[in-house]
Amino acid sequence: MTTVTLPELISAARQMIVDTERTFGALTTGQLNWKPSPDKWSIGQCFDHLLVTKEPYFKIIGQVLDGTKQSTFWEKLPWLPGFIGKQIIKAMQPDSGRKVKAPAKFALSQSAIDPQIVQSFIAQEQRWIEVISRTGSIDSANLIITSPVAAVITYSLSDAIQLMSVHERRHFLQAERVMQANSFPT
């Protein structure tokens, strides 16, 4: 797996904003909440999931940037972070063919999703670009953080930023597939 640079990740986030606005920006509330089947996610749920899963990283990166982040026991283990981060990124790749169940902590909203979900995602993505841009002077490949999912899951800050990018693309493509379904409301 190749290492992706911070400028490449920032560029991908900017492109995600453009693609999201172009593809989903004009959808109706009904279209955003339509599900191909009861066990599948709606477009709105895809974006709600992205909003919820990225939010904890703002706090973590904020602590890194302001110098208040304290290292945990798990973050100090020398081999664990490099291995886990790469494996999670690999599993999240849109073309991995692997189904990955969302952790219970990031459970989906089962109710109707707010029609502003796409704009909320775009606003969060703009905020994300601002925050990760500030990490450019940090040795993020060697700065270890803990996953918001579990204290024993650690990876580098650079892997975390790359993970968010891969995760977004995965669910963007999932939302596109919902929109391409034969019975999608027009």
Side-chain angles (χ1 to χ4, degrees), residues 4-25 32 41-66 68-69 75 81 84-94 96 98-111 113-136 138 140-141 143-151 153-176 178:
V4 182
T5 66
L6 183 60
E8 290 171 321
L9 292 167
I10 291 169
S11 178
R14 287 186 177 125
Q15 188 62 51
M16 178 60 68
I17 290 170
V18 170
D19 293 347
T20 299
E21 181 64 43
R22 182 185 63 234
T23 307
F24 306 107
L32 289 169
W41 291 9
S42 69
I43 292 168
Q45 285 176 310
C46 290
F47 284 103
D48 184 60
H49 173 71
L50 290 173
L51 285 167
V52 170
T53 56
K54 186 180 280 176
E55 200 56 40
Y57 288 96
F58 286 102
K59 180 179 178 186
I60 295 167
I61 295 173
Q63 291 171 338
V64 167
L65 292 170
D66 69 17
T68 60
K69 185 189 170 312
E75 290 171 352
I84 291 176
K86 303 296 184 235
Q87 292 304 310
I88 294 172
I89 291 168
K90 185 177 176 182
M92 281 291 159
Q93 291 289 342
S96 74
R98 294 180 61 187
K99 282 196 146 236
V100 180
K101 186 170 172 61
K105 182 174 187 166
F106 301 126
L108 289 178
S109 170
Q110 297 303 318
S111 60
I113 300 293
D114 184 319
Q116 294 299 311
I117 193 75
V118 172
Q119 292 309 314
S120 295
F121 173 77
I122 289 170
Q124 185 190 61
E125 195 70 358
Q126 290 166 334
R127 193 171 127 225
W128 181 248
I129 291 167
E130 291 170 17
V131 169
I132 66 171
S133 293
R134 294 176 50 211
T135 68
I138 296 170
S140 60
L143 194 146
I144 305 305
I145 66 168
T146 298
S147 167
V149 174
I153 300 174
T154 60
Y155 34 70
S156 70
L157 178 58
S158 62
D159 281 350
I161 295 169
Q162 184 176 354
L163 173 60
M164 289 294 96
S165 181
V166 169
H167 186 240
E168 284 175 355
R169 183 55 57 184
R170 179 183 186 94
H171 288 295
F172 178 92
L173 295 172
Q174 179 184 7
E176 270 190 328
V178 171

task: Of all the heavy-atom pairs spanning Ser156 and Ser140, show the shortest one and how long it is.
output: CB-O, 3.5 Å
- prompt: With a 4.5 Å limit on heavy-atom distance, are the side chains of His167 and Thr53 in contact?
  reply: yes
message: As a quick check of understanding, evaluate side-chain contact (heavy atoms from CB on, under 4.5 Å) for Val4 and Val166, giving each step before the final call.
response: CA-CA 11 Å; Val4 182; Val166 169; over 6 Å; no
task: State, yes or no, whether a side-chain contact exists between Gln174 and Gln45 at a heavy-atom distance under 4.5 Å.
output: no
Residues forming a side-chain contact (heavy atoms from CB on, under 4.5 Å) with Ile60, sequence neighbours excluded: Tyr57, Ile145, Pro148
message: Please report the interatomic distance CG(Leu50) to CE(Met16), rounded to the nearest 0.5 Å.
response: 7.5 Å
field: Partners meeting side-chain contact (heavy atoms from CB on, under 4.5 Å) with Asp114 (sequence neighbours left out)
entry: Gln116
- request: Taking the six-membered ring for Trp and the full ring for Phe, Tyr or His, determine whether the centres of Phe47 and Phe24 are under 6.0 Å apart.
  value: yes
Spacing of CD belonging to Gln15 relative to CZ belonging to Arg169, to within rounding of 0.5 Å: 7.0 Å
side-chain contact (heavy atoms from CB on, under 4.5 Å) between Ile113 and Leu32, intermediate numbers included: CA-CA 7 Å; Ile113 300 293; Leu32 289 169; 5.7 Å; no
- request: State the NE2-CD distance between His171 and Glu176, to the nearest 0.5 angstrom.
  value: 14.0 Å
- prompt: Between Ser11 and Pro7, is there a donor-acceptor pair closer than 3.5 Å when you use the side chain of the first and the backbone of the second?
  reply: no
field: Interatomic spacing from CZ in Arg134 to CG in Leu6 - rounded to 0.5 Å
entry: 12.5 Å
task: To the nearest 0.5 Å, tell me how far Ile132 CD1 sits from Ile10 CD1.
output: 5.0 Å
- request: Would you check if the side chain of Gln124 reaches a backbone N or O of Leu51 as a donor-acceptor pair within less than 3.5 Å?
  value: yes
message: Is there a side-chain contact between Val64 and Thr135 in this structure, where contact means two heavy atoms from C-beta onward sitting under 4.5 Å apart?
response: no
Trp128 and Ile61, any side-chain heavy atoms less than 4.5 Å apart: yes
Closest approach of Leu9 to Ser165 (non-hydrogen atoms, all atoms of both residues): CD2-CB, 3.7 Å
query: After noting the C-alpha distance and the side-chain angles of Glu125 and Arg14, does the key distance pass the side-chain contact (heavy atoms from CB on, under 4.5 Å) rule?
result: CA-CA 8 Å; Glu125 195 70 358; Arg14 287 186 177 125; over 6 Å; no
message: Rounded to the nearest 0.5 Å, what separates atom CD1 in Ile161 from atom OG1 in Thr5?
response: 11.0 Å
task: Start with the C-alpha gap between Phe58 and Val131, add the side-chain angles, then the distance that decides, and say whether side-chain contact (heavy atoms from CB on, under 4.5 Å) holds.
output: CA-CA 8 Å; Phe58 286 102; Val131 169; 3.8 Å; yes
